[in-house]
Structure formats: structure tokens, C-alpha cells
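Quantities reported herein were computed from a predicted structural model and do not represent experimental measurements. Lettering of chains follows the sequences in order, A, B, ..., and the numbering in each one begins at 1.
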Amino acid sequence: MSEIAEKVKAIIIDKLGVEESEVTPEASFTNDLGADSLDTVELIMEFEKEFNVSIPDDQAENIATVGQAVSYLEEHAK
Amino acid sequence: MELKRVVVTGLGALTPVGNTVAEYWNGLTNGVSGAAPITRFDASKFKTQFACEVKGYDAEKYFDRKEARKMDLFSQFAMVVAEEAVNDAKLIDSGIDPDRIGVIWGSGIGGLRTFQEECVNFANGDGTPRFNPFFIPKMIADISAGHISIKYGFRGPNFVTVSACASATNALIDSFNYIRLGMADVIVSGGSEAAVTEAGVGGFNALKALSERNDSPETASRPFDQDRDGFVLGEGAGALVLEEYEHAKARGAKIYAEVIGGGMSADAYHITAPHPDGLGALNVMKNVLRDAGIKPEEVDYINVHGTSTPLGDVSEVKAIQTVFGDHAYNLNISSTKSMTGHLLGAAGAIEAIASILAIQNNVVPPTINHFTDDENFDQKLNFTFNKAQEREVKIALSNTFGFGGHNTSVLFRQVND
């Protein structure tokens with residue numbers, strides 16, 4: 001697992017209070033990990049802070065799973 | 001329209017002198033001080049370095065981590081005491097229509113720690129707004145009532161009253177009124193506050209409202225003592241389940257006491273200083289006696305606002321002597337803030353509980369830390385100094401006054417049948 005994927009996983013465990021085993025690439029924040037819309041906004045903000053990126057709203061809407069977050073950040077992280 | 005009777009059927013407390021109702025009452029009757037050096041932040045540069053904090057509070061004992069992170073401490077405190085009171089009143093699976101159960105809470109300030117942290121984060125950044133999406137719903141003072149209703153599914157009247165240190169008493173009076181008007185059968189009421197933060201202590205210090213007796217925190221809250229020098233900031237919460245009397249009787253609920261009157265008034269004088277003759281305090285006590293339809297002579301105990309400030313204590317006692325005349329000498333008067341400190345918007349809740357438990361147990365909790373008489377007070381009055389006193393308490397009055405000149409009083413009566 002990449003360093004980015006490790007960090008993403010740690011943030012999700014911390015913010016959503018879920019078990020490590022639940023945080024699979026396919027896991028959806030809202031359908032599988034119990035996030036509501038505010039949790040999702042908070043997650044995106046944490047990713048922005050941790051990886052020093054700015055994720056525009058229209059792109060944030062396409063980040064719905066753990067795997068999508070990792071791919072986006074692997075592409076855009078500085 | 002005939003007004004319904006209202007009784008108290010459940011209690012919950014999380015206070016600087018005890019983390020349950022039983023522990024709280026034990027602390028009060030044993031004259032325990034809740035004051036100690038501040039642990040919630042480094043107060044070494046503050047004029048006041050102590051407070052009455054809740055002791056041994058562990059959020060993980062009550063909430064999962066995700067839940068706790070979304071609630072400011074004042075909301076967590078609210079949830080903890082609401083749970084104790086809801087269980088005490090046996091509201092869960094009781095068959096009561098949830099549309100007829102309301103939540104009316106009180107908080108003077110709301111999520112001060114949350115507000116402070118978010119503003120500090122912004123100020124430390126480069127100007128890019130990175131406010132947490134939970135910032136507003138954690139901070140707003142009304143959210144505690146929302147959380148309680150969401151947890152239990154109570155869908156009746158739901159809001160929070162804000163009147164500084166009178167907030168929880170306003171919540172109790174509103175609950176009392178809505179039930180006696182028939183707009184709800186049960187209301188979970190009370191108040192919570194968690195303002196022991198840099199901004200809270202610094203702000204009250206700037207007002208010169210707090211005691212600065214750093215060498216002896218446990219004796220700092222000394223209402224009616226000649227050397228009192230301000231109030232001691234407290235934190236915590238209290239919950240009371242108010243219920244329509246016939247409703248409570250029909251389901252065999254335990255009844256602690258009856259709420260027989262609520263009074264409100266304004267000083268219309270100054271933002272922080274009390275009216276020098278205690279005009280607002282005088283009016284509010286007259287109002288509550290009139291609302292209850294009782295004579296001053298019927299009151300046995302007054303749990304006073306009595307914050308241990310030089311001016312406030314004097315004007316309240318003046319007002320008591322005016323309203324009660326010679327009967328003032330027969331009363332027991334005590335300020336439990338001598339032990340708990342001042343819980344601001346939650347004060348009215350925990351002091352209502354103290355008043356109700358005084359009726360239940362026929363014991364008046366003391367005003368501790370009395371060392372030197374103050375000539376401003378008539379020493380023939382019984383301030384219940386230093387030790388709890390046994391006496392029959394049929395009717396107890398609880399006063400709370402807030403910055404802005406808000407005055408509230410509530411009357412409780414023993415229920416025999």
C-alpha cells in the first residue's frame with residue numbers, strides 16, 4: 001500500500017470511527033462507513049490539509065469511496 | 001381554561017461535586033467544595049487559575065469516539081444528565097406518545113471551546129477559510145436540545161433558552177408552562193455549560209467577576225462572607241423530567257415534587273451589575289409567589305442565586321427581606337454555589353435539583369466557607385452556614401439571575417399523595 005493510501009486510511013479511521021478492516025478500496029463513505037454529508041465534507045477537508053491540495057467541489061463530488069480518494073490524491077498530491 | 005398540575009419525575013446531574021444525582025446530593029450535604037486548579041488549559045498567566053470542573057469525566061465512558069467528536073463538551077454534559085433523568089423517570093419503552101415529549105434546555109453560552117478553537121485555527125492560517133463543517137452545529141447553544149431529541153426520538157416542543165445564568169430556570173419555567181397549558185405531557189428540561197476555557201476565564205476575569213483567591217481555591221466561593229471577592233466558574237449539567245401530574249400518576253411514576261410557580265422579571269438597569277436595591281430580584285420573587293398562589297410564610301427554604309460577588313449577594317438579600325418581612329428569619333437560606341461554583345446557564349438546573357432534594361430529604365444543604373460576618377447582612381437570617389441543617393421543607397424557592405438583568409424564580413412543593 002502506498003504512503004498516500006496509508007495516510008488516507010488513518011484519516012478515515014480517525015474521523016469516521018470505523019475499524020481498519022472496514023476501510024477497503026471499494027468501501028463507500030456514506031453507504032459502508034456510516035458517513036453523513038457533513039462527515040464527507042470534513043473528510044475532504046482533512047485530505048486537503050494533509051496532502052496540501054485544494055479539491056474543487058465538482059471533483060469532491062466524485063470522491064465517494066476510499067479507492068477514489070486514494071487515486072485522486074495520488075494524482076494531485078504535491 | 002383550567003391549568004394542569006406539573007410534577008418532577010426524573011433527575012440527572014453531572015457537577016463539580018458529584019457525577020450523578022446521588023453523588024451530587026452527597027457532596028452538597030457534606031459541604032464538599034468542587035474548586036481546584038484548572039486542568040482544562042494552562043491557566044498560569046490568568047488572574048484566576050482555579051475553577052469548579054467536573055471531576056474524572058471520560059467522554060469515552062458515554063460516547064463512541066465519532067459521536068463525542070461532533071459534540072462540544074456542553075452538549076456531552078447535556079446528553080449524560082438527560083440519560084440519567086430519562087432512565088430515572090422510566091421514559092424508555094414507557095408507551096408515552098413521543099410527539100407529546102419535549103426537550104427544553106438552557107445554556108448561557110453554548111460551545112465556547114469549539115468557537116475558540118475554530119477561530120484560533122483560522123487566525124493561525126494564511127487566510128484560507130478551513131472551518132470544520134461541524135463548527136456551527138457544535139457551537140450553537142440550542143444544539144443540546146436537538147441531540148437529546150435525536151437520541152430518544154422525542155418529537156414534542158424543542159428549543160433552548162438563553163438568558164445567561166438564568167437560562168436553565170427559564171427552560172424549567174417554559175417547560176412548566178407548556179405542560180400546564182396542555183401542549184406536552186412530558187418535557188426533559190435542564191441546562192448545561194462548559195465554559196472553563198481560555199476565553200471563558202479570560203472574559204470573566206476582564207469583567208472582574210471571578211474570585212482571584214488562587215492560594216485557596218476551595219474557600220474562594222464564600223457567599224455572604226465579608227471577604228468574598230467574586231464567583232468561581234463552574235461547569236456541568238442538570239436535568240429534570242417535568243410531567244403532567246395525572247399523566248405521572250396514571251403510569252405510576254415516582255414523583256419528586258410539584259412545580260407550583262414560575263416567576264420572571266428584568267432589572268432594566270445595567271448589563272452586568274444588579275439593581276442596587278434588588279428591584280428585579282424583589283419583583284421576581286413576588287411574581288413567583290403570585291403565580292403559585294401561596295403566601296410568603298409558606299416558603300421554608302430559598303436556594304439563592306448567591307454567587308459570592310460583593311454586590312449581587314447584598315441586593316438579593318435586601319430583596320428577600322422586603323418580600324418575606326419577618327418570615328425571612330424563619331427561612332433557611334443557602335447558596336450551594338459555595339460548593340459547586342457558578343455553572344452559569346446550568347446553575348438553575350442543578351439548584352432546582354438541590355431544592356427538590358431538600359424537600360425529599362428534609363435537609364438543607366449549606367453555604368460553606370463562612371469565616372467572617374459581613375455587616376451588610378442581617379445576621380439574624382439563617383444562611384445555613386458551613387453545615388447542612390435538618391428541617392421540614394415543604395416548599396422551596398430557587399432564584400437565578402443573569403447578566404442582562406434577567407431574573408427567574410421557581411417554586412417546588414412536597415407531594416404527599
Report summary line: Bottom line for B:Arg69: the part with an atom under 4.5 Å from chain A's heavy atoms is side chain

Query raised in the report: Under 4.0 Å between a Lys/Arg side-chain N and an Asp/Glu carboxylate O for B:Glu60 and B:Arg65?
Result: no

Query raised in the report: Closest heavy-atom contact between B:Phe74 and B:Ala141?
Result: CE1-O, 3.7 Å

Requested in this report: Classify the angle between the aromatic ring planes of B:Tyr62 and B:Tyr57 as parallel (below 30°), tilted (30 to 60°) or perpendicular (above 60°).
Outcome: parallel

Report summary line: In short, B:Leu73 meets B:Ala194 closest at the heavy-atom pair CB-CB, 3.8 Å

Query raised in the report: Does any heavy atom of chain A fall under 4.5 Å from the side chain of B:Asp64, the backbone, both, or neither of them?
Result: neither

Query raised in the report: In residues 49-68 of chain A, which residues are in contact with chain B at a heavy-atom separation under 4.5 Å?
Result: none

Query raised in the report: Hey, is B:Lys138 close enough to B:Glu118 for a salt bridge, meaning N to O under 4.0 Å?
Result: no

Query - Portion of B:Phe135 that has a non-hydrogen atom of chain A nearer than 4.5 angstrom - result: neither

Donor-acceptor pairs under 3.5 angstrom involving side-chain atoms of residues 143-157 of chain B: please list them, not counting sequence neighbours.
residue: B:Ser149; atom: OG; partner: B:Gly146; partner atom: O; Å: 2.8
residue: B:Arg155; atom: NE; partner: B:Asp99; partner atom: OD1; Å: 2.7
residue: B:Arg155; atom: NH2; partner: B:Asp99; partner atom: OD1; Å: 3.3

Query - Ring centers of A:Tyr72, A:Phe47 separated by less than 6.0 Å - result: no

